[in-house]
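Structure record follows, encoded as structure tokens.
Atoms considered below: every heavy atom in the structure, side chains included; atoms not considered: hydrogens, waters and symmetry mates. By convention in this document, chain letters (A, B, ...) are assigned in the order of the sequence lines, proteins followed by strands, and residues within each chain are numbered from 1.
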Amino acid sequence: MKGVSKRLVLLRTTWSRSCSHVAFHHNVASETSSLLNHCYNRDLPKAMQTLDTMEKRGVWADAIAYSELIKCCLAHRAVREGKRVHQHIFSNGYQPKTFLINVLLNMYVKFNLLEEAHILFDKMPERNVVSWTTMISAYSYAKLNDRAMRLLIFMLRDGVMPNMYTFSSVLRACERLCDLKQVHSSILKVGLESDVFVRSALIDAYSKLGELLEAVGVFREMVTGDAVVWNSIIAAYAQHSDGDEALELYKCMRRAGFTTDQSTLTSVLRACTSLSLLELGRQIHVHVLKFEEDLILNNALLDMYCKCGSLEDAKFIFNRMADKDVISWSTMISGLAQNGFSMEALNLFDSMKVSGPRPNYITILGVLFACSHAGLVNEGWHHFRSMKNLYGIDPGREHYGCMLDLLGRAGKLDEMVALIREMNCEPDVVTWRTLLDACRAHRNVDLATYAAKEIIKLDRQDTGAYVLLSNIYANSKMWDDVAEVRRTMNARGIRKEPGCSWIEVNNQIHAFVVGDKSHPQIDNINRKLNQYINRLTEAGYVPDKNFVLQDLEEEQSECSLRHHSEKLAIVFGIISFPREKTIRIWKNLKICGDCHIFAKLIAKLEQRHIVIRDPIRYHHFQDGVCSCGDYW
DNA sequence: ATAGGGTTAG
């Protein structure tokens, strides 16, 4: 009884507010139900017809029916019809309630018509939390972060309380740490930090600003969470190259009984990629098969195989992918180029031009890198000079870097200097380091000295540049200058990072450092290493002690050369694996000249395939040659 | 009617 009278009162208020026609009384129920019927059947033309009839007769349906109609427009992506509904709702002095205007707002946002949405928003007689949140979310989604933040401030001034929806939207728009901290403290003040949406948005926001400790703090306070919160923190670690922690959290997530999905696996693959864990990556691949058509996940898998040096697997994945976007193509092109298969990379770029998506900034980087690797100076210049015209991409710092690399490799030092002068941005440490590497390879002491000094001007802590300068001076017997460089280094507390190499054997990572005797099999490894060196010496191997133009430490005796970490790792790989298994090593510093020769010879002697990944490049050793073409 | 997580280079 009570319910019925309440409904009557409600109806009466609707009439008095919206009805200026006597006819309305009679028709509202039947018009509404006919409109609703068409909407439920997703029959947009009929629904619009009904709307026209209603307008001619001056009758209106209720807000629920209009909201269904708008849903129907959205489902059909019918922008014109949507705008027509908007007109209808405001025609003849009808004053829709906030609820209905919010539905319209949402429609414009979903149609990506932010301009229209904002005009409507400005005209609203009153705005509730949903109106504000709809706009804030639209702006943060469109990366118009300033606007989103400003709206939050206006909202608070208007006395409207943000809810968890508002906060999870606005967190995506926090570009400055101070904004984020303020939003975070507001969240704590109103007690919304335990909402899973807010929590994952917080973790993600801190992670994007590089505040990993804050992110993990938010994660640790979690009492009840869901899979997305776990995914957020795993992604945070994976994106900041802390693969170990990402994998550890992945284990915890599974132990806690959460279902892992595409997002989890993508981050886990990224962790495998950064740690070069090919075997674990293969195991994850098995789980990936459940989500075969997921593009992002497949791209991550593709990248994992490229970066772990298994191009066979990468090509298999790439060819099997039904959908390939610009990232898939770029990943494959760069992967081939980085692993030394330049011609294949360039051929793939040709087929991309024919049947693939439009190349982007990063694609061109891979192409230039391939040219550099293959020593194709003219082809490199061609791509570099035509990228603007063909693809509308202005060459950026990285493209100049690739071109410098290409010229350096080809020994064109003068052209390098000219290109540095031509650059549209200031040379940075990387620029000068590229020049320095070229000078080292082509033995140009004067230019090397100049480049090293430029590096030190920009980065007082650059170890390599100091050591190199000191070696150059020593070679020219300029002892005062040597002493000066050493004094500066000591004064600035500069030390060389010890070289370290890692290899995965039986799902375990083994680390090797020069002079470190902690590995359980170190004696065996050293014995074996000495045997190899002796056998190779008989075959004509001479340790490369020329360190004048290498940034190595001064105690460059044959003894320490002998025990460089990558040599230990190679020997350990040989004794651990059968002949047909590829030995994969990754290390923190660039490989030295002597280890490079050693690896080439041992690959031939033992008929092995050895892959060494340093911070920038890959070396595939096979049959006495290296894929890098002896330039790195 | 409004909300959160994943891919290429450096």
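Out of B:dG6, B:dA9, B:dA1, the shortest distance to the side chain of A:Phe99 is found at B:dA1. Closest contact between the side chain of A:Ile362 and the listed nucleotides B:dA9, B:dT7, B:dA1 involves B:dA9. Minimum atom distance to the side chain of A:Val228 is reached by B:dG4, of the listed B:dG6, B:dG4, B:dT2. Closest approach to the A:Ala235 side chain among B:dG4, B:dG6, B:dT2 is made by B:dG6 (side chain taken as heavy atoms from C-beta onward). When distances run from any side-chain atom of A:Val229 to the nucleotides B:dG4, B:dA1, B:dG6, the shortest one goes to B:dG4. The side chain of A:Val103 lies closest to B:dA1 when the candidates are B:dT7, B:dA1, B:dT8. With B:dT7, B:dA3, B:dA1 as the choices, the nucleotide that has an atom nearest any side-chain atom of A:Met164 turns out to be B:dA3. Listed nucleotides B:dT7, B:dG4, B:dA1 differ in distance to A:Ala201; the shortest reach to its side chain belongs to B:dG4.
What separates CD1 of A:Ile364 from C1' of B:dT8 is a distance of 13 Å, to the nearest Å. In this entry the distance linking CD1 of A:Ile203 with P of B:dA3 reads 20 Å, nearest Å. Regarding A:Ile233, its CD1 atom lies at a distance of 12 Å from the P atom of B:dG6, rounded to whole Å. Regarding A:Leu192, its CG atom lies at a distance of 14 Å from the C1' atom of B:dG4, rounded to whole Å. Atoms OH (A:Tyr361) and C1' (B:dG10) sit 9 Å apart, rounded to a whole Å. Following rounding to the nearest Å, A:Met107 (CE) and B:dT2 (P) show an atom-to-atom distance of 14 Å. Rounded to an integer number of Å, the gap from A:Met161 CE to B:dA3 P is 20 Å. If you measure from atom NZ of A:Lys110 to atom C1' of B:dA3, you get 11 Å, rounded to the nearest angstrom.
Scanning both residues, A:Cys174 and A:Leu209, for their nearest heavy atoms gives O-CD1, 4.2 Å. Between A:Cys628 and A:His619, the shortest heavy-atom distance links the atoms SG-ND1, 3.5 Å.
In this structure, A:His118 has its ring center under 6.0 Å from that of A:Tyr139. Not less than 6.0 angstrom separates the ring centroid of A:Phe349 from the ring centroid of A:Trp329.
Phosphate proximity of B:dG4 to A:Arg172: present, with a side-chain N or O under 4.0 Å from OP1 or OP2. Considering only side-chain N and O atoms, A:Lys324 lies nowhere under 4.0 angstrom from the phosphate OP1 or OP2 of B:dT7. Close to B:dT2, at under 4.0 Å from its OP1 or OP2, lies a side-chain N or O of A:Asn106. Note on A:Gln338: every side-chain N or O is 4.0 Å or more away from OP1 and OP2 of B:dT8. Residue A:Arg270 places at least one side-chain N or O closer than 4.0 Å to OP1 or OP2 of B:dT8. Within the 4.0 Å cut-off from OP1 or OP2 of B:dA9, not a single side-chain nitrogen or oxygen of A:Ser334 is found. For B:dA1, the OP1/OP2 oxygens have no side-chain nitrogen or oxygen of A:Lys97 closer than 4.0 Å. OP1 or OP2 of B:dG4 has not a single side-chain nitrogen or oxygen of A:Arg199 nearer than 4.0 Å.
Ring geometry for A:Tyr94 versus A:Tyr66: interplanar angle over 60°, hence perpendicular rather than tilted (30 to 60°).
Between the base of B:dG4 and the side chain of A:Asp226 there is a donor-acceptor pair shorter than 3.5 Å. For A:Ser168 against B:dA3, a side-chain-to-base donor-acceptor contact under 3.5 Å is present. Side chain A:Asn163 to base B:dA3: no donor-acceptor pair is found below 3.5 Å.
Among the atoms of the strands shown, none is found under 4.0 Å from any heavy atom of A:Leu171. The residue A:Thr266 sits close to a base: some heavy atom pair falls under 4.0 Å. Contacts of A:Val196 with the nucleic acid, taken as non-hydrogen atoms under 4.0 Å apart, include base atoms. Nucleic acid contact class of A:Asp294 (heavy atoms, under 4.0 Å, all strands): base.
Judged by distance alone, the side chains of A:Tyr391 and A:His383 never bring a donor and an acceptor atom under 3.5 Å apart.
By the 6.0 Å and 45° rule, A:Arg172 does not stack over the aromatic ring of A:Tyr141.
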